[in-house]
Visitor: 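The structure that follows is given in the form of structure tokens.
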Number of protein chains: 2
Amino acid sequence: MISRTARYALHVLAILAARPHERLRGEEVAAATGIPVNYLSKILNQLRKAGLVESRKGWGGGFQLQAEAGQRPIRDVLVIFDGLESADRHDCALGRPACDSEHPCAMHDEWAGVRDGFTRMITATKVADLAD
Amino acid sequence: MISRTARYALHVLAILAARPHERLRGEEVAAATGIPVNYLSKILNQLRKAGLVESRKGWGGGFQLQAEAGQRPIRDVLVIFDGLESADRHDCALGRPACDSEHPCAMHDEWAGVRDGFTRMITATKVADLAD
DNA sequence: ATTTCAATGGATATATACATCCATTGAGGT
DNA sequence: ACCTCAATGGATGTATATATCCATTGAAAT
């Protein structure tokens, strides 16, 4: 449902959102989250390319939440790391390609409910809400 | 949420549940489901070991739903292929080990709702309900 | 008995997510 | 100018899920 990498990203954003005006080094974020440093660097880089985070190199450098990023729904983060399909699900629980309201599988309605709850959750929750 | 292998298994059971009194060869099940034959054989074997399916070797052999298997909730199938944790989830959407009602994460309640819907779905739906 | 059929089981291959390593770049301090 | 710091980026390694291959076993037909 949410990949480990996407959860890492959300955890990172939570840390940064808690200190919106500081610049944190990768090492610090790694220490705070427990994410392996090298892997974390890839994640931070993707967040930067996506415009959610700003970075500065060298002495005094580090990462910082981009100004308006706090108001973005965490759905945006899931799209980046797990793709659109994982954020806007309209799949069948049994993987049937032809499952729809006309020809529903045994779990069609219940699964639609589950998906809906998930969608609601990831659109209602904003990055800023994650801050510890 | 549900691994591809578990979905395969459910699809297989759906096929067998539709013809409870016939014995179907692996090849036939593969043709009906689109699951790669060799991989399918592993799945059918696990289902047999778990007592959900009966098999017979050699000429006229094949697979058949075990007598009472139709009444088993599909949760039982998920436990076999994806493990207990995936069926009885009490995890945090953000992966926080210490997330509970005392110290909830930002999505605690919504996620609990999603999990609940899922649990309800997989316990309410029986193997026999999957039959086409 | 022999042949044929189909499940069983073990070993191996592929794809993908997760993780590590190291050389390069750019920015600040001296 | 030079040194140090920390992000960037490319190449490589590891684990797991998914998939394939083939030799063996058991059962029915002849």
Side-chain angles (χ1 to χ4, degrees), chain A residues 1-12 15-16 22-66 77-83 85-86 95, chain B residues 1-13 15-16 22-66 77-83 85-86 94-95:
Chain A
M1 200 113 221
I2 302 182
S3 71
R4 182 194 293 248
T5 303
R7 284 200 308 270
Y8 281 168
L10 291 172
H11 200 169
V12 167
I15 297 294
L16 295 180
E22 300 180 34
R23 208 185 333 268
L24 300 184
R25 287 179 299 114
E27 289 273 5
E28 300 179 275
V29 178
T33 57
I35 304 169
V37 223
N38 305 288
Y39 194 52
L40 173 64
S41 83
K42 308 290 185 194
I43 293 171
L44 279 163
N45 217 234
Q46 286 192 259
L47 288 172
R48 178 182 58 81
K49 287 175 180 165
L52 283 164
V53 148
E54 308 203 320
S55 71
R56 188 179 298 183
K57 283 184 173 183
W59 212 100
F63 299 89
Q64 188 169 8
L65 206 61
Q66 200 269 342
V77 180
L78 297 190
V79 170
I80 296 168
F81 292 94
D82 295 349
E85 325 77 50
S86 97
Chain B
M1 198 113 219
I2 302 182
S3 72
R4 179 192 295 246
T5 303
R7 283 199 310 268
Y8 281 167
L10 292 172
H11 200 169
V12 167
L13 291 170
I15 297 294
L16 295 180
E22 300 180 36
R23 210 187 329 271
L24 300 185
R25 288 179 298 114
E27 289 273 5
E28 300 181 275
V29 178
T33 56
I35 304 169
V37 222
N38 306 288
Y39 194 53
L40 173 64
S41 82
K42 308 291 185 194
I43 293 171
L44 278 164
N45 217 236
Q46 286 193 259
L47 289 172
R48 180 183 58 81
K49 287 176 180 165
L52 284 164
V53 148
E54 307 203 322
S55 72
R56 189 181 295 184
K57 282 184 174 183
W59 211 100
F63 299 89
Q64 187 169 10
L65 205 62
Q66 201 268 342
V77 181
L78 297 190
V79 170
I80 296 168
F81 292 94
D82 295 349
E85 325 76 53
S86 97
L94 295 173

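Below, read A as the first sequence line, B as the second, and so on, with proteins coming before strands; counting in each chain starts at 1.
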Visitor: Over all strands shown, is B:Phe81 touching base, sugar-phosphate only, or nothing at heavy-atom distances under 4.0 angstrom?
Guide: nothing
Visitor: Is the phosphate of D:dA7, meaning OP1 or OP2, less than 4.0 Å from a side-chain N or O of A:Ser41?
Guide: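 False: A:Ser41 side-chain N/O out of range (4.0 Å or more) of D:dA7 OP1/OP2.
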Visitor: Measure CD1/B:Ile35 against P/D:dA17 and give the value in whole Å, please.
Guide: 18 Å
Visitor: May I ask you to test the A:His11-B:Leu94 pair for a side-chain heavy-atom distance under 4.5 Å?
Guide: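 A side-chain contact is absent here, since even the closest heavy-atom pair is not under 4.5 Å.
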Visitor: Has A:Asn45 got a side-chain N or O lying under 4.0 Å from the OP1 or OP2 atom of D:dA7?
Guide: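 Answer no for this pair, as no side-chain N or O of A:Asn45 is under 4.0 Å from OP1 or OP2.
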Visitor: To the nearest 0.5 Å, tell me how far B:Glu28 CD sits from B:Ile15 CD1.
Guide: 11.0 Å
Visitor: Would you tell me if any nitrogen or oxygen in the side chain of A:Tyr8 comes within less than 4.0 Å of OP1 or OP2 on C:dC18?
Guide: no
Visitor: Within the 4.5 Å heavy-atom criterion, are B:Val29 and B:Ile35 side-chain neighbours or not?
Guide: no
Visitor: Tell me, do A:Phe81 and A:Ile2 make a side-chain contact under 4.5 Å, heavy atoms counted?
Guide: no
Visitor: Nearest nucleotide by nearest heavy atom, which residue falls closer to the 5' end of DNA chain C, A:Asp82 or A:Gly60?
Guide: A:Asp82
Visitor: Quick one: A:Ile80 CD1 to C:dA17 P, roughly how many Å, whole number?
Guide: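 It is 16 Å, rounded to the nearest whole Å.
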Visitor: List in numerical order all residues of residues 23-33 of chain A for which some heavy atom is under 4.0 Å away from an atom belonging to DNA chain D.
Guide: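 Heavy-atom contacts with DNA chain D come from A:Arg25, A:Gly26.
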Visitor: Would the number of heavy atoms belonging to other residues, nucleotides or ligands and lying under 6.0 Å from CZ of B:Arg23 be above 12?
Guide: yes
Visitor: Round to a whole Å and report the spacing from OH of A:Tyr39 to C1' of D:dG10.
Guide: 16 Å
Visitor: Locate the shortest heavy-atom distance separating B:Gln64 from B:Glu22; write the atom from each residue and the value.
Guide: CG-O, 3.5 Å
Visitor: Return the value, rounded to whole Å, for the distance between atom CD1 of B:Ile2 and atom P of D:dA17.
Guide: 16 Å
Visitor: Do A:Asn45 and A:Phe63 come within less than 4.5 Å of each other through their side chains, counting heavy atoms only?
Guide: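 SC-SC contact between A:Asn45 and A:Phe63 ruled out.
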Visitor: Return the 5'-most residue of the pair A:Lys42, A:Gly62 with respect to DNA chain D, ranking by each residue's nearest nucleotide.
Guide: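 By nearest-heavy-atom nucleotide position, the 5'-most residue is A:Gly62.
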Visitor: Roughly how many Å is it from CZ in B:Arg4 to C1' in C:dA15, rounded to a whole number?
Guide: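 About 10 Å, once rounded to whole Å.
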Visitor: For B:Glu54, enumerate each residue passing the salt bridge (Lys or Arg N to Asp or Glu O under 4.0 Å) test, keeping only those at least two apart in sequence or located in another chain.
Guide: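 Partners of B:Glu54 under the salt bridge (Lys or Arg N to Asp or Glu O under 4.0 Å) test: none.
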Visitor: When you get a sec, tell me which of C:dC18, D:dA19, C:dG9 is the closest nucleotide to the side chain of A:Ser3?
Guide: C:dC18
Visitor: Just the rounded figure in Å: distance from C1' of D:dA29 to CZ of B:Arg56.
Guide: 14 Å
Visitor: Kindly give the atom pairs (protein nitrogen or oxygen, nucleotide nitrogen or oxygen) under 3.5 Å for nucleotides 22-26 of chain C.
Guide:
{"from": "C:dT25", "atom 1": "O2", "to": "A:Lys57", "atom 2": "NZ", "distance (Å)": "3.2"}
{"from": "C:dG26", "atom 1": "O4'", "to": "A:Lys57", "atom 2": "NZ", "distance (Å)": "3.3"}
{"from": "C:dG26", "atom 1": "N2", "to": "A:Gly58", "atom 2": "N", "distance (Å)": "2.9"}

Visitor: With rounding to the nearest 0.5 Å, note down the distance linking CG in B:Asp82 to CZ in B:Arg7.
Guide: 9.5 Å
Visitor: Rounded to whole Å, how long is the line connecting atom NZ of B:Lys49 with atom P of C:dT8?
Guide: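 Nearest whole value for this atom pair: 9 Å.
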Visitor: Looking at side-chain heavy atoms only, is the closest gap between A:Ile80 and A:Leu52 below 4.5 Å?
Guide: yes
Visitor: Ignoring backbone atoms, test whether A:Arg48 places a side-chain nitrogen or oxygen under 4.0 Å from the OP1 or OP2 oxygen of D:dT8.
Guide: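 Yes, such a contact exists.
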Visitor: Taking 4.0 Å as the cut-off, does a side-chain nitrogen or oxygen of A:Ser55 come that near to OP1 or OP2 on D:dT8?
Guide: yes
Visitor: Roughly, in whole Å, what's the span from CG in A:Leu47 to P in D:dG9?
Guide: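 From A:Leu47 CG to D:dG9 P: 14 Å.
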